[in-house]
Q: 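One structure, as structure tokens, below. Some questions next.
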Amino acid sequence: MSTNREIHLASRPQGWPTAENFRLVTTEVPAPGAGQIVVRNQFMSVDPYMRGRMNDVKSYVPPFSLDAPLDGGAVGEVVASEAEGIKPGDTVLHGLGWREYALLDAKAARKVDPSLAPASAYLSVLGMTGLTAYAGLLDVAAMKPGETVFVSGAAGAVGSMVGQIAKLRGAARVIGSAGSPAKVERLKALGFDAAFDYHDGPVRDSLKAAAPDGIDVYFDNVGSEHLEAAIGALNLHGRAAICGMIAQYNSSEPPAAPRNLALVIGKRLTLRGFLVGDHGHLRDQFVQEMSGWLRDGRISYDETVVEGIENAPAAFLGVLRGENLGKMLVRV
């Protein structure tokens with residue numbers, strides 16, 4: 001417990017990030033001050049939104065600083081505490097990933113119970129990932145029973161939850177797009193009524209074949225061609241929850257699509273972007289419902305785990321390339 005390894009942002013990417021944009025740095029394990037804890041991280045999350053924070057531009061979250069550790073969701077064991085209510089041995093969820101040991105104020109950590117679910121689940125199905133799917137589908141897009149739902153990036157951490165929640169909440173038909181035949185088969189095993197590989201042809205044509213009567217709800221993780229196809233397929237008063245646009249995160253050119261935004265008018269569509277942080281009021285409801293589905297075996301989740309803090313940059317690059325099935329995690 002004397003040395004700590006952490007990943008720093010060495011330079012800002014231009015277009016696609018590379019390994020050279022990151023640096024592995026060895027530091028001393030910090031000691032807690034009053035009201036603080038030290039956590040030995042067990043798992044950390046790598047997520048597409050982190051790409052935007054590598055740019056020095058104004059956004060809804062501050063950019064990562066150069067020559068300093070990145071941050072993000074992590075779960076681990078408390079090894080030292082100078083705070084009331086949290087003791088060594090407790091498992092906590094917090095926001096200082098990308099390092100082996102994290103020093104933080106206890107008020108910035110939330111205790112979780114590893115006897116109810118594996119620690120990693122609090123970064124995926126029971127964490128931000130699951131809540132994003134739940135809030136986006138049910139609150140933002142206001143899906144109703146009997147509707148048809150289309151999910152892009154459907155084999156990813158959020159998309160795979162969206163499809164299953166939609167079925168459990170009474171959707172008549174759920175369609176997903178993914179990036180490989182194996183992912184398409186996995187979606188069908190998870191209960192999606194139809195799924196297609198977006199490499200097989202224009203998304204518009206694949207979606208038309210899967211949803212000949214149109215769609216009522218679109219959950220967007222991709223943007224670009226997928227969003228254009230969804231606008232074309234949405235029925236009157238359709239709704240789209242815009243969660244992410246990974247197709248253009250690494251592009252230095254303006255996106256070519258969607259080119260059919262005028263349809264929003266005649267169809268009276270609602271396209272609404274959202275951040276999961278705005279939906280904290282749903283957390284208790286979400287945890288209660290999701291834990292019940294997990295306990296009853298009615299929902300499944302996938303994890304792709306990369307071993308070692310030194311491989312965190314490779315895991316992040318893998319997310320951007322779509323190499324993960326379900327949630328991409330690093331076992332620290």
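In this chain, numbering begins with 1 at the start of the sequence shown.
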Q: Could you give the distance from CD (Glu185) to OG (Ser180), rounded to the nearest 0.5 Å?
A: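 Output value for this atom pair is 9.5 Å.
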Q: For residues Leu70 and Leu9, report the shortest heavy-atom separation together with the two atoms involved.
A: CD1-N, 3.6 Å
Q: Could you tell me whether a side-chain N or O of Gln36 sits under 3.5 Å from a main-chain N or O of Asp105, the two making a donor and an acceptor?
A: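 No; judged by distance alone, with no hydrogens or angles, the pair does not exist.
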Q: What closest approach, in Å, do Leu329 and Ser45 show between heavy atoms, and which atom pair accounts for it?
A: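 It is CD2-CA, 4.2 Å.
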Q: Between Lys327 and Asp302, is there a side-chain N and carboxylate O pair less than 4.0 Å apart?
A: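 Asp302 and Lys327: not salt-bridged.
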Q: To the nearest 0.5 Å, tell me how far Met328 CE sits from Thr129 OG1.
A: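 The CE atom of Met328 sits 12.5 Å away from the OG1 atom of Thr129.
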Q: I would like to know whether Ser152 and Asn221 meet side-chain hydrogen bond (donor to acceptor under 3.5 Å, both in side chains); could you show each step before the answer?
A: CA-CA 6 Å; Ser152 60; Asn221 292 302; 4.8 Å; no
Q: Evaluate side-chain contact (heavy atoms from CB on, under 4.5 Å) for Leu123 paired with Glu303, printing each intermediate quantity in order.
A: CA-CA 10 Å; Leu123 292 173; Glu303 295 177 343; over 6 Å; no
Q: Would you say Arg204 has more than 12 foreign heavy atoms packed within less than 6.0 Å of its CZ?
A: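 No - once you tally the heavy atoms of other residues, nucleotides and ligands closer than 6.0 Å, there are 12 at most.
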Q: Are any of the side-chain nitrogens in Arg23 or Asp67 under 4.0 Å away from the carboxylate oxygens of its partner?
A: yes
Q: For the atom pair CG (Leu263) and CD (Glu228), what is the distance rounded to the nearest 0.5 Å?
A: 9.5 Å
Q: Just so I know, are the side chains of Met50 and Phe316 near enough to count as touching, which here means a heavy-atom distance under 4.5 Å?
A: yes
Q: Output, in order, the C-alpha distance, side-chain angles, deciding distance and verdict of side-chain contact (heavy atoms from CB on, under 4.5 Å) for Val217 and Leu137.
A: CA-CA 8 Å; Val217 168; Leu137 178 70; 4.2 Å; yes
Q: Report yes if the side chains of Met44 and Glu100 come closer than 4.5 Å at any heavy-atom pair, otherwise no.
A: no
Q: Does Val61 belong to the same Ile/Leu/Val/Met/Phe/Trp/Tyr cluster as Leu96, with side-chain heavy atoms less than 4.5 Å apart forming each link?
A: no
Q: Pick one: which of Leu66, Val57, Asn21 meets side chain to side chain contact (heavy atoms under 4.5 Å, CB included) with Arg12?
A: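 Passing option: Leu66.
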Q: So, for Ala117 and Tyr122, which heavy atoms are closest and what is the spacing to 0.1 Å?
A: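 Heavy-atom minimum between the residues: O-CE1, 3.8 Å.
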Q: Look only at the side chain of Thr304 and the backbone of Leu325, and say whether a donor-acceptor pair between them is shorter than 3.5 Å.
A: yes
Q: Does any N or O in the side chain of Arg99 come within less than 3.5 Å of the main-chain N or O of Arg40, such that one atom is a donor and the other an acceptor?
A: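 Here the side-chain-to-backbone pair does not exist.
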Q: Check Leu234 against Lys267 and note the closest heavy-atom contact, atom names and distance.
A: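 It is O-NZ, 2.8 Å.
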Q: With no hydrogens and no angle check, is any side-chain donor or acceptor of Arg5 less than 3.5 Å from a backbone partner on Val25?
A: no
Q: Looking only at non-hydrogen atoms, find the nearest pair between Asn235 and Asp216 and report the distance.
A: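 Residues Asn235 and Asp216, closest heavy atoms: ND2-OD1, 3.2 Å.
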Q: Any chance you could lay out the side-chain contact (heavy atoms from CB on, under 4.5 Å) test for Ser300 and Leu190, step after step, and finish with the verdict?
A: CA-CA 7 Å; Ser300 300; Leu190 290 175; 3.8 Å; yes
Q: Rounded at 0.5 Å granularity, tell me how far CE in Met143 sits from CG in Leu138.
A: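 Between Met143 CE and Leu138 CG, I get 6.0 Å after rounding to 0.5 Å.
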Q: Find out whether Leu131 and Met161 are in side-chain contact, i.e. whether some heavy atom of one side chain is under 4.5 Å from a heavy atom of the other.
A: no
Q: Answer whether the closest heavy-atom distance between the side chains of Tyr101 and Val39 falls below 4.5 Å.
A: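 The answer is no, as the side chains (C-beta and beyond) never meet within the 4.5 Å cut-off.
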Q: Can a donor-acceptor pair be found, under 3.5 Å and without considering hydrogens, that links the side chain of Glu289 to the backbone of Phe286?
A: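 No.
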Q: Do Arg51 and Trp16 have side chains that get closer than 4.5 Å, going by heavy atoms?
A: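 With C-beta onward as the side chain, the pair stays apart.
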Q: Under a 4.5 Å cut-off applied to non-hydrogen side-chain atoms, are Val125 and Met290 in contact?
A: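 In short, these two side chains touch, coming nearer than 4.5 Å.
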Q: I'd like to know if the side chain of Gln164 pairs up with that of Tyr301 as donor and acceptor (distance under 3.5 Å, no hydrogens or angles considered).
A: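 Looking only at side-chain atoms, Tyr301 and Gln164 do not form any donor-acceptor pair under 3.5 Å.
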Q: Between Ile37 and Val79, is there shared hydrophobic-cluster membership here, with clusters defined by ILVMFWY side-chain heavy atoms closer than 4.5 Å?
A: no
Q: Hey, is the main chain of Phe43 close enough, under 3.5 Å, to the side chain of Asn41 for a donor-acceptor pair?
A: no
Q: Donor-acceptor check, side chain of Ser206 to backbone of Val203, threshold 3.5 angstrom: yes or no?
A: no
Q: Charged N to carboxylate O below 4.0 Å: is that the case for Glu307 and Arg331?
A: yes
Q: Would you give the length of the straight line joining atom OG of Ser291 to atom CG of Leu116, rounded to the nearest 0.5 angstrom?
A: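 If we round to the nearest 0.5 Å, Ser291:OG and Leu116:CG are 8.5 Å apart.
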Q: If only side-chain N and O atoms count, and only distance matters, is there a donor-acceptor pair under 3.5 Å linking Tyr49 with Asp47?
A: no
Q: Using ring centroids (six-membered ring only for Trp), state whether His226 and Tyr198 fall under 6.0 Å.
A: yes
Q: So how far is it from His94 NE2 to Leu103 CG, rounded to the nearest 0.5 Å?
A: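 It is 10.5 Å, given to the nearest 0.5 Å.
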Q: Answer yes or no: does atom CD of Glu310 have more than 12 heavy-atom neighbours from other residues, nucleotides or ligands under 6.0 Å?
A: yes
Q: Would you call the rings of Phe150 and Tyr218 parallel, tilted or perpendicular if under 30° counts as parallel and over 60° as perpendicular?
A: parallel
Q: Is a side-chain donor or acceptor of Arg268 paired with a backbone partner of Gly266 at a separation under 3.5 angstrom?
A: yes
Q: When hydrophobic residues are tied together by side-chain contacts of less than 4.5 Å, even through go-betweens, does Val29 share a cluster with Val78?
A: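 In one cluster: no.
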Q: Is the backbone of Trp98 close enough, under 3.5 Å, to the side chain of Glu6 for a donor and an acceptor to pair up by distance?
A: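 No: the side chain of Glu6 does not pair with the backbone of Trp98.
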Q: Before giving the answer on side-chain contact (heavy atoms from CB on, under 4.5 Å), spell out for Arg53 and Asp71 the whole-Å C-alpha distance, their side-chain angles and the decisive distance to 0.1 Å.
A: CA-CA 10 Å; Arg53 295 190 64 194; Asp71 58 65; 2.7 Å; yes
Q: Hydrophobic cluster membership, with links at side-chain heavy-atom distances under 4.5 Å among I/L/V/M/F/W/Y: are Met128 and Phe64 in one?
A: yes
Q: Under a single-linkage definition using a 4.5 Å side-chain heavy-atom cutoff for Ile, Leu, Val, Met, Phe, Trp and Tyr, are Val92 and Val287 assigned to the same hydrophobic cluster?
A: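 In one cluster with Val92: Val287, no.
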Q: State which residue, out of Ser177, Pro258, Pro202, fulfils the side chain to side chain contact (heavy atoms under 4.5 Å, CB included) condition with Glu225.
A: Pro202
Q: Just one of Asp193, Val149, Val151, Thr148 clears the side chain to side chain contact (heavy atoms under 4.5 Å, CB included) bar with Ile175, so which one?
A: Thr148
Q: Could you check if a side-chain atom of His237 sits within less than 4.5 angstrom of a side-chain atom of Thr270, using non-hydrogen atoms only?
A: no
Q: Test your reading of the model: is there a side-chain donor-acceptor pair from Asp220 to the backbone of Gly223, 3.5 Å cut-off?
A: yes
Q: Tell me which one of Leu126, Val75, Asp90 satisfies side chain to side chain contact (heavy atoms under 4.5 Å, CB included) with Val112.
A: Val75
Q: If you look at every heavy atom in Pro13 and Met54, which pair is closest and at what distance?
A: CD-CB, 3.7 Å
Q: Would you say the side chain of Phe219 lies within less than 4.5 Å of the side chain of Val140, judging by non-hydrogen atoms?
A: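 Val140 does not reach Phe219 side chain to side chain.
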